[in-house]
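See structure below.
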Amino acid sequence: MRTLKLAAGLLASVALPTVALATDLEVTHWWTSGGEAAAVAELAKAFNAGGDNWVDGAIAGGGDTARPVMISRITGGDPMGATQFNHGQQALELVQAGLMQDLTDVAEANNWKEIIYPPSLLDACTVDGKIYCAPVNIHSPEWLWLSNKVYEDLGIPVPTNWNEFVASAPQVEAAGKIPLALGNQNWQSNLAFGALTIGVGGLDLWKKVNIDKDMDAAAGPEMLVVFQAAADARKLAAKSTVQDWNQATNLVITDQAAGQIMGDWAQGEFQVAGEVAGKDYTCLPGLGLNEYISTGGDAFYFPVNKDPEITAAQKRLAAELVSPEVQVAFNLKKGSLPIRGDVDLAAANDCMKKGLKILAGGNIVPAGDMVWSPDVQTQLGDLQAEFWKGQEMTPEEAQARYVEILKSGL
Amino acid sequence: MAGTVPKRRRFRNINAKIAAIPMVATTLVVFVGGTLWTILYSFTSSKLLPKLNFVGLDQYERLWGSSRWLTSIHNLMIYGILALVFTMVVGFLLAVLMDQKIRFEDTFRTIMLYPFALSFIVTGLVWQWILNPDLGIQHIIREMGWTSFAFDPLNNPETVLYGLLIAGLWQGTGFVMCILLAGLRGIDEDIWKAARVDGIPRWKTYVFIVIPMMRPVFITTLVIVASGIIKLYDLVVAQTSGGPGTASQVPAMYVYAYMFQAQNLGQGFAASTMMLLSVLIVLIPWAYLEFGGNKRG
């Protein structure tokens, strides 16, 4: 019996290479929530339709948990076929160490330079003139989500920007509700701060600090205004005791909290709860002050593999990910924006349409992951965690530490 | 002295010595080698991949200037001292009670030891729920009618460490009890008889005779508990993930965050070297007492 199995196994391993194109490709990612899994299924379906086999390697626990696993597999000599990263500097050293497949030929064959919009997405994939990743979607974190019902009950109009939101907060608080819902995890306060930087500080300041790395601007009075706004926000969020971001979103959905600063992925939660954009909740990109969104998002990288068949399959997948059909199917399920401007998302809801309009208008900035290293990002997260946890740290102190951290990443 | 060792002695038990070679090699290469490698690279500016570009003590300077690291150390000291004192005292008291020739001792011992069979992750999650104001103790007591009752240690930076401590004690005390109970059973029955003949009260016998006799057991327990405290990680991750803010950060979380999330190996290695140092501070006095003491005896 055992020899029979062994023989069958041997036979199968001999037979495999003769089946044309049917290459198994393991793809690792951290998309495990309901909506995310449905979106990944679209990618797998498209890839399998081409005759290959998508082997799903989902890693639960979010990017912070998944990335170390992925990196140690790649550096440890057990590379997967393809892996998700946020495009930017997360995989930069792996590329520089020659561990990632060069996709320049695929990009040229499919004219990525022309179709990928905004071009900064492709720039984030480019190292020394060569392209190393295939962007799949755009997520922007600079959104303020508001519960319309909280304001209707108070008899005041729903705020249209951050300043009105702060002004209305005492009334919200008097009604026994939490003005601002905020999860107790570092990345969430970091995200809120990022949104305030663009919303309150404006684009010029953001660019000066994050792109030109102008440390005088980071230490200047305009940036102090941002830190003061963050101190306001911290006061408004003092009564929020939840941990996860979706629990905080749930406070807004159930009208216990007036608003939340969260990325566009939050609208998936509103949709699942059966709420309608514009009627039950309001979304304000760029906090309603400066309608800019940053274009972070996800991309797939393809670790270098010795097997030429896998390399060929990797290139087929890369081309597939950027194709218009996959972009539409994937992004509708994911609730994110497509990476090309020439596809039609007619089924998109109000908030997604707002995002698309801003994108088409070109009011976009690169994401933090693209301009600062993970080391700086982690330190900034630590600073924000400390700043937001109590009311002790003054905006001035926080700003001084902020400048120190940015300097360490120059 | 070494040169005068007779050849015969060096080749005595030759088979046993050959058999020990794989173990010695593993220890040298994996444990000592890995440790030295880590220390060496903690003096470099390695980011995602280890590279040998030395930067001197820069990583250590940054480490000791980082307020997250200082908070971590501070938290670990508070947690460590309290956990050490409480597990030892409570564990010993339970062991003494257990030693009173009670009925169903096996059952009680099993119940007390059960929490230790759970991993820290499970312990942390269970206690996160129990201490959650909307699900756990606070909720139940409010349901019973005391609506002003408030018990929410995990969401307050001032009290979060005690929330961790509750879970840590629940998990670890039974284990300490079992070791100390075994130690108590190792005390010769004749000693008790002699103490009784001399008319010494039971508590005095425990404090002045039994505890000093149990010194080796106590020291071993102390080392096990202390090294468990220094590497404290999974309990915090499961219960609070270091929050609120940085109020319950511990050094092991810093090491992980900087090695893998921040992609800054040098910084992570520097932090883990400091952790190694603190383990050594615990271990060296123990080794001295254990092995140094034998020579005198």
Side-chain angles (χ1 to χ4, degrees), chain A residues 61-72 74-75 89-99 182-189 234 238-244 247 372-393 397 401 404-405 408-409, chain B residues 45-51 55 58-59 61-63 65-72 121 125 128-129 131-135 138 150 152-158 160 237-249 253-268 271:
Chain A
D64 284 346
T65 312
R67 278 192 296 272
V69 178
M70 294 163 173
I71 291 170
S72 54
I74 297 168
T75 52
Q89 299 197 6
Q90 280 172 359
L92 182 65
E93 267 197 67
L94 294 175
V95 171
Q96 284 168 343
L99 292 167
L182 180 75
N184 270 334
Q185 290 164 346
N186 299 359
W187 67 270
Q188 295 180 50
S189 29
R234 146 178 104 169
K239 291 221 178 73
S240 167
T241 56
V242 290
Q243 290 283 336
D244 292 316
Q247 290 173 335
W372 295 108
S373 69
D375 187 27
V376 172
Q377 295 278 19
T378 308
Q379 290 185 71
L380 289 178
D382 293 349
L383 168 64
Q384 295 300 338
E386 222 177 302
F387 180 72
W388 289 74
K389 83 173 170 203
Q391 311 293 333
E392 297 95 41
M393 195 192 281
E397 277 167 25
R401 295 237 332 249
E404 282 305 304
I405 292 171
S408 80
Chain B
S45 63
S46 302
K47 293 287 183 192
L48 177 63
L49 303 169
K51 285 183 192 130
V55 291
D58 279 10
Q59 298 287 9
E61 264 169 41
R62 178 171 148 191
L63 182 69
S66 147
S67 69
R68 176 172 172 186
W69 174 255
L70 295 176
T71 314
S72 304
I121 291 284
L125 280 177
Q128 191 201 57
W129 291 333
L131 298 178
N132 183 315
D134 300 322
L135 300 168
Q138 178 177 319
D152 185 14
L154 294 187
N155 282 315
N156 182 344
E158 306 285 316
V160 64
V237 169
Q239 224 180 331
T240 64
S241 48
T246 51
S248 59
Q249 289 286 341
M253 286 185 75
Y254 186 93
V255 172
Y256 177 79
Y258 277 88
M259 273 169 77
F260 299 112
Q261 289 167 6
Q263 303 183 354
N264 189 341
L265 285 179
Q267 183 67 18

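The figures that follow rest on heavy atoms only: side chains count, while hydrogens, waters and symmetry mates do not. Convention: sequence-line order gives letters A, B, ...; per-chain numbering from 1.
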Checklist entry - Based on non-hydrogen pairs under 4.5 Å, which of A/Q90, A/Q96, A/E404 is most in contact with chain B? => result A/Q90
Checklist entry - Out of curiosity, A/L92 CG to B/L48 CG, how far, rounded to the nearest 0.5 Å? => result 9.0 Å
Checklist entry - Of all heavy-atom pairs between A/E386 and B/R68, which one has the smallest distance, and what is that distance? => result OE1-N, 4.5 Å
Item to check | Derivation of the side chain to side chain contact (heavy atoms under 4.5 Å, CB included) call for A/Q379 and B/Q267 | outcome: CA-CA 12 Å; A/Q379 290 185 71; B/Q267 183 67 18; over 6 Å; no
Checklist entry - Are any of the side-chain heavy atoms of A/D382 and B/Y258 separated by less than 4.5 Å? => result yes
Checklist entry - What distance do B/L49 atom CG and A/L99 atom CG have between them, rounded to the nearest 0.5 Å? => result 7.0 Å
Item to check | Over all atoms of both residues, closest heavy-atom pair of B/Q263 and A/P374 | outcome: OE1-CG, 3.4 Å
Next on the checklist: Below 4.5 Å, heavy-atom pairs only: which of A/S72, A/S408, A/A385 has the largest tally toward chain B?
Outcome noted: A/A385
Next on the checklist: Please classify the contact of B/S66 with chain A as side chain, backbone, both or neither, using a heavy-atom distance under 4.5 Å.
Outcome noted: neither
Checklist entry - What is the distance from atom OG1 of A/T65 to atom CD of B/Q261, rounded to the nearest 0.5 Å? => result 7.0 Å
Next on the checklist: Run the side-chain contact (heavy atoms from CB on, under 4.5 Å) test against B/T71 and tell me which residues pass, sequence neighbours left out.
Outcome noted: B/N75, B/T246
Checklist entry - Side chain, backbone, both or neither: which part of A/L94 has a non-hydrogen atom closer than 4.5 Å to chain B? => result both
Checklist entry - With a 4.5 Å heavy-atom cut-off, do B/S67 and A/R401 have their side chains touching? => result yes
